[in-house]
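Take a look at the structure below.
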Amino acid sequence: MTTEGASGMPYAGGEKETLRAGLDRHRDAVLWKLDGLDDEQLRRPVTPSGTTLLGLVKHLASVEYGWFVETFGGEVEPLWFDPYTEEDMRTEDDTTERIVAFYGRARAAADRMIAERSLDDLGRPAWRQGDAVSLRWVLVHMLEETARHAGHMDIVRELVDGATGDHRPG
C-alpha cells in the first residue's frame, strides 16, 4: 500500500514509483515556471550566458529523449536541431507552443520507457562510447538534471517578473 504526502509524493512507495514521482514533481515545476508569461518574457535572457526559460525547457526535452529513449533503444522523433551543441538551448526560430509540445512528447516517450523496463535494465548512451547505464541510474541522473534546471528557472523567473516559489500551492 502506498501512502502519499500532501505533495502527492509516495512516502512509502517502491523505489521506481518514488523516483518517478520525484521526477514528475520537478517536471511539473518546470512547466509551472512558464505560466502567465508572454513569448517575449519566456525568451528574455537575464544571465550573461543567455539562459532563457524556454531554452531550458527545450534542453530538458532533448535530454529526456536522449537518456530515457535513445539510451534504451527507443525511437526518438526527428530533431530540428543538434542536441549535442548549444542549439538545444536556443529558441530564436521556435514557437513557445512548439517547445512546450516537444517537452510533452519527450516526457511521454520517457515515461513509456520507464514503464516498460525494470530499474536494473541496462541501456547504452551513444555519446558515451559504450558505457552501460541502468534505468535506476538514469532516473536518478534525470531527477538531478531536472531539479537543477528547475532551480535555474526559479532564478530566471524571478528576474523576469519577480515571481518566486518552486511549486504551485495546493
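In this chain, residues are counted from 1 in sequence order.
- Counting only heavy atoms from C-beta outward, the side chains of F81 and K58 approach each other to under 4.5 Å.
- You'll find the side chain of D121 stays beyond 4.5 Å of the side chain of E116, heavy atoms only.
- Nearest heavy atoms, V30 versus A150: CG2-CB, 4.0 Å.
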Exercise for the section: Show the numbers, then the answer: is there a side chain to side chain contact (heavy atoms under 4.5 Å, CB included) between T52 and V156? Expected result: CA-CA 7 Å; T52 68; V156 172; 5.9 Å; no
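- Here the side chains of R112 and V69 are not in contact, with every heavy-atom distance at 4.5 Å or above.
- Among all heavy-atom pairs drawn from P125 and G123, the shortest one is CD-O, 3.7 Å.
- Heavy atoms only, all atoms of each residue included: T51 and L56 are closest at CG2-CD1, 3.6 Å.
- Under the 4.0 Å criterion applied to side-chain N and carboxylate O atoms, E40 and R44 are assigned as salt-bridge partners.
- Separation of atoms NE2 (H152) and CG (L53) is listed at 12.0 Å; rounding is to 0.5 Å.
- Rounded to the nearest 0.5 angstrom, L23 CG and T18 OG1 are separated by 12.5 Å.
- Linking ILVMFWY side-chain heavy atoms closer than 4.5 Å, directly or via other members, places L135 and L122 in two distinct hydrophobic clusters.
- The aromatic rings of W67 and W127 sit perpendicular to each other, their planes meeting at more than 60°, with 30° as the lower class boundary.
- Side-chain contact between Q41 and D38 is present, with heavy atoms from C-beta onward closer than 4.5 Å.
- Although no hydrogens or angles enter the test, the distance criterion places no donor-acceptor pair under 3.5 Å between the side chain of T91 and the main chain of D94.
- Nearest heavy atom pair, residue E70 against residue A126, reads OE2-CB, 3.5 Å.
- When all heavy atoms of D88 and T85 are compared, the pair lying nearest together is OD1-O, 3.2 Å.
- Taking NZ of K33 as the reference point, atom CG of D28 lies at 13.0 Å (rounded to 0.5 Å).
- Other residues, nucleotides and ligands contribute at most 12 non-hydrogen atoms within 6.0 Å of the CD atom of E86.
- Taking the six-membered ring where tryptophan is involved, the planes of F102 and Y65 are tilted, since the angle between them lies from 30° to 60°.
- The heavy-atom pair separating I99 from W80 by the smallest distance is CD1-CZ2, 4.0 Å.
- Put simply, the side chain of R107 does not reach to within 4.5 Å of the side chain of L60, judged on heavy atoms.
- Of the inter-residue distances, the one linking H26 atom NE2 with E144 atom CD reads 10.5 Å to the nearest 0.5 angstrom.
- Without hydrogens or angle criteria, R27 side chain to T146 main chain gives no donor-acceptor distance under 3.5 Å.
- The NE2 atom of H141 lies 9.0 Å from the CZ atom of F68; values are rounded to the nearest 0.5 Å.
- Interatomic distance, OG1 of T71 versus CE of M142, reported as 10.0 Å (0.5 Å rounding).
- Taking 4.5 Å as the limit, some side-chain heavy atom of V140 sits within range of a side-chain heavy atom of L19.
- Between K16 and D120, no side-chain nitrogen of the basic residue sits less than 4.0 Å from a carboxylate oxygen of the acidic one, so the salt-bridge criterion is not met.
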